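Scroll down for the structure; my scribbles are underneath it.
In this text, all values refer to a predicted model and were calculated from it rather than measured experimentally.
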Amino acid sequence: MKLPLPPMKSLGAFEAAARLMSFTAAADELCVTQVAVSRQVRGLEDFLGVELFDRRGQSIALTKAGSRYYPAVRRALNDLAFATSQLSRRGQPQVLSILAYNTFAQCWLIPMLPAFHEQHPSVEIRLSASSALVDFNHQDFDAAIRFGVPDIPGIEVDMLAPIELVPVMSPDLLAQVGGTPDVSAMLELPLLHSLARPGDWEGWFRHAGLASDHAGRGHKFESSLMAYEAAIRGLGVALGVRILVEGYLASGQLVAPFDTSYRPAGGYFLVHPKDRAPTAAFRAFRRWLLAELGARADDVMDEAPLPPPPATPTK
């Protein structure tokens, strides 16, 4: 027996209004008038025989019926959109849109992408870099690589790697201080700070048993990537995230002369929306990423539960 379905336009208007909690905002998103959205929602309510919204002057709120109906409508529309997108790209490369921090992208992800492409040559990567919070409702990304645990409803989270901080410097600077300095040498060496990660040096100094009032001196840079480049040039000592400076250490551009490392709260995570059907390209990328970095996540999870993450994301 064929089940009755409401008009697609009515479902689209309801989903947008329920997500944005505004007929006016839904109209702007759908490029129609507010009256048209209101009419479509009213038609859906007439079709269902129930009220979906409480209309309170200029504001709206979902009724109990509307709250039950909205998740099913959103999932159905998302699934339909993804199925249509996959069908329309038949015979073409699968496109995967990823958002990551600039330093993570340049120091780890981009150098590793050739290995991913070798395993999955049909997947076309579209990589963007930003430290801003991702909004999957309004940004066209399949997933994002973030720092900390995003406290956002409806987000699936996979831990990729802990944050392990280690002082790094150029071989020339190391030679200038005798080749094998004691950790107390950090009280005199010039420090390089990333403004994207404030407080890291203070945490490391405390962990190393050194006076933290020395941690604020030195040059300051907008990003960790800039601080690493300054360290390569011999300007001072940067506090590197282990997985991001491994390439520099392997090439000899930087050295890590001290055994003392420091793990603050949080880590790098892969995040993606729960209510969106994952594409084959995303599933392949997720499997590959967890295989490459999963051992690090297992290590830190085995050691101890992670402390609460900072309130704001950092690089």
Euclidean distance, [Y] [atom2] relative to [X] [atom1], rounded to 0.5 Å:
X: Leu244; Y: Gln106; atom1: CG; atom2: CD; result: 11.0 Å
X: Leu80; Y: Leu11; atom1: CG; atom2: CG; result: 10.5 Å
X: Phe136; Y: His272; atom1: CZ; atom2: NE2; result: 8.5 Å
X: Ser59; Y: Phe53; atom1: OG; atom2: CZ; result: 12.0 Å
X: Ile243; Y: Cys107; atom1: CD1; atom2: SG; result: 9.5 Å
X: Glu45; Y: Ser10; atom1: CD; atom2: OG; result: 10.0 Å

Mind checking whether [X] and [Y] sit in one hydrophobic cluster, side chains of I, L, V, M, F, W, Y counted as touching below 4.5 Å?
X: Leu127; Y: Leu293; answer: yes
X: Tyr268; Y: Tyr248; answer: yes
X: Met112; Y: Leu290; answer: yes
X: Ile110; Y: Leu249; answer: yes
X: Leu192; Y: Leu210; answer: no

Please step through side chain to side chain contact (heavy atoms under 4.5 Å, CB included) for the pair Val95 and Arg126, ending with a clear verdict.
-> CA-CA 7 Å; Val95 177; Arg126 294 182 181 174; 3.3 Å; yes
Specify whether Trp108 and Phe104 have parallel, tilted or perpendicular ring planes, treating 30° as the upper limit for parallel and 60° as the lower limit for perpendicular.
-> tilted
Could you tell me how the ring of His120 sits relative to the ring of Phe116: parallel (under 30°), tilted (30 to 60°) or perpendicular (over 60°)?
->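 Tilted.
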Could you tell me whether the side chains of Thr24 and Gln34 share a donor-acceptor contact shorter than 3.5 Å?
-> no
Does a side chain donor of either Asp182 or Ser184 reach within less than 3.5 Å of an acceptor in the other side chain?
-> yes
Worked check of side-chain hydrogen bond (donor to acceptor under 3.5 Å, both in side chains) between Ser261 and Glu164 = CA-CA 6 Å; Ser261 64; Glu164 181 182 358; 3.0 Å; yes
Within the structure provided, determine whether [X] and [Y] are in side-chain contact (heavy-atom separation under 4.5 Å).
X: Glu156; Y: Leu270; value: no
X: Ser130; Y: Leu99; value: yes
X: Val37; Y: Val32; value: yes
X: Phe14; Y: Gln40; value: no
X: Phe221; Y: His193; value: no
X: Val255; Y: Met169; value: yes
X: Arg42; Y: Arg55; value: yes
X: Pro264; Y: Trp204; value: no

What closest approach, in Å, do [X] and [Y] show between heavy atoms, and which atom pair accounts for it?
X: Leu96; Y: Ala281; value: CD2-O, 3.9 Å
X: Pro71; Y: Arg68; value: CD-O, 3.5 Å
X: Val123; Y: His117; value: O-ND1, 4.3 Å
X: Ala256; Y: Val166; value: CB-CG2, 3.9 Å
X: Trp288; Y: Ala115; value: NE1-C, 4.4 Å
X: Leu30; Y: Gly12; value: CD1-O, 4.1 Å

Run the salt-bridge test on Arg242 and Glu246 with the 4.0 Å N-O cut-off and return the result as yes or no.
-> no
Could you please spell out the steps behind the side-chain hydrogen bond (donor to acceptor under 3.5 Å, both in side chains) verdict for Ser224 and Thr103?
-> CA-CA 6 Å; Ser224 300; Thr103 302; 4.7 Å; no
How about [atom1] on [X], more than 12 heavy atoms from neighbouring residues, nucleotides or ligands closer than 6.0 Å, or not?
X: Asp259; atom1: CG; result: no
X: Lys64; atom1: NZ; result: no
X: Asp213; atom1: CG; result: yes

Under the ring-ring contact (aromatic ring centres under 6.0 Å, His included) rule, collect the residues that match up with His207, sequence neighbours excluded.
->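 So His207 forms a ring-ring contact (aromatic ring centres under 6.0 Å, His included) with Tyr262.
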Decide yes or no on side-chain hydrogen bond (donor to acceptor under 3.5 Å, both in side chains) for Gln176 and Asp172, but give the supporting numbers first.
-> CA-CA 6 Å; Gln176 291 175 27; Asp172 289 343; over 6 Å; no
Only pairs under 3.5 Å count here: list side-chain donor-acceptor contacts from residues 229-241, not counting sequence neighbours, and write none if there are none.
| residue | atom | partner | partner atom | Å |
| --- | --- | --- | --- | --- |
| Glu229 | OE2 | Arg233 | NE | 2.9 |
| Glu229 | OE2 | Arg233 | NH2 | 2.9 |

Could you tell me whether Arg197 sits above the aromatic face of Phe147, with NZ or CZ closer than 6.0 angstrom to the six-membered ring centre and within 45 degrees of the axis?
->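 Arg197 over Phe147 ring: yes.
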Kindly write out the residues that satisfy salt bridge (Lys or Arg N to Asp or Glu O under 4.0 Å) with Asp275, not counting sequence neighbours, or none if the list is empty.
->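 Salt bridge (Lys or Arg N to Asp or Glu O under 4.0 Å) list for Asp275, sorted by chain: Arg74.
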Contacts of Arg217 that satisfy salt bridge (Lys or Arg N to Asp or Glu O under 4.0 Å) - sequence neighbours left out | none
Determine, stepwise, if the pair Leu44 / Asp46 fulfils side chain to side chain contact (heavy atoms under 4.5 Å, CB included).
-> CA-CA 5 Å; Leu44 180 60; Asp46 291 342; over 6 Å; no
Any donor-acceptor pair under 3.5 Å linking the side chain of Gln139 with the backbone of Asp135?
->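 Indeed, once roles are kept as given, a pair shorter than 3.5 Å links the two residues.
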Do the side chain of Asp54 and the main chain of Thr63 share a donor and acceptor less than 3.5 angstrom apart?
-> no
Out of Thr279, Ile98, Asp142, which residue meets the side-chain contact (heavy atoms from CB on, under 4.5 Å) rule with Phe285?
->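 The passing option is Ile98.
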Leu62/Met21 under side chain to side chain contact (heavy atoms under 4.5 Å, CB included): CA gap, chis, key distance, verdict = CA-CA 8 Å; Leu62 284 169; Met21 278 294 108; 3.6 Å; yes
Using the side chain to side chain contact (heavy atoms under 4.5 Å, CB included) rule, take Phe23 and Ile60 through it: C-alpha gap first, then chi angles, then the decisive distance, then the call.
-> CA-CA 8 Å; Phe23 286 168; Ile60 58 173; 3.7 Å; yes
When you look at Phe205 and His214, which way does the ring pair (Phe, Tyr, Trp, His ring centres under 6.0 Å) test go after all the steps?
-> CA-CA 8 Å; Phe205 267 72; His214 290 267; 7.0 Å; no
Return each pair, listed once, that meets salt bridge (charged side-chain N to carboxylate O under 4.0 Å, His left out) where at least one residue sits in residues 279-290; pairs must be two or more places apart or across chains.
-> Asp158-Arg286
Just jot down the side-chain hydrogen bond (donor to acceptor under 3.5 Å, both in side chains) partners of Arg75, sequence neighbours excluded, or say none.
->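 Checked Arg75 against side-chain hydrogen bond (donor to acceptor under 3.5 Å, both in side chains); zero matches.
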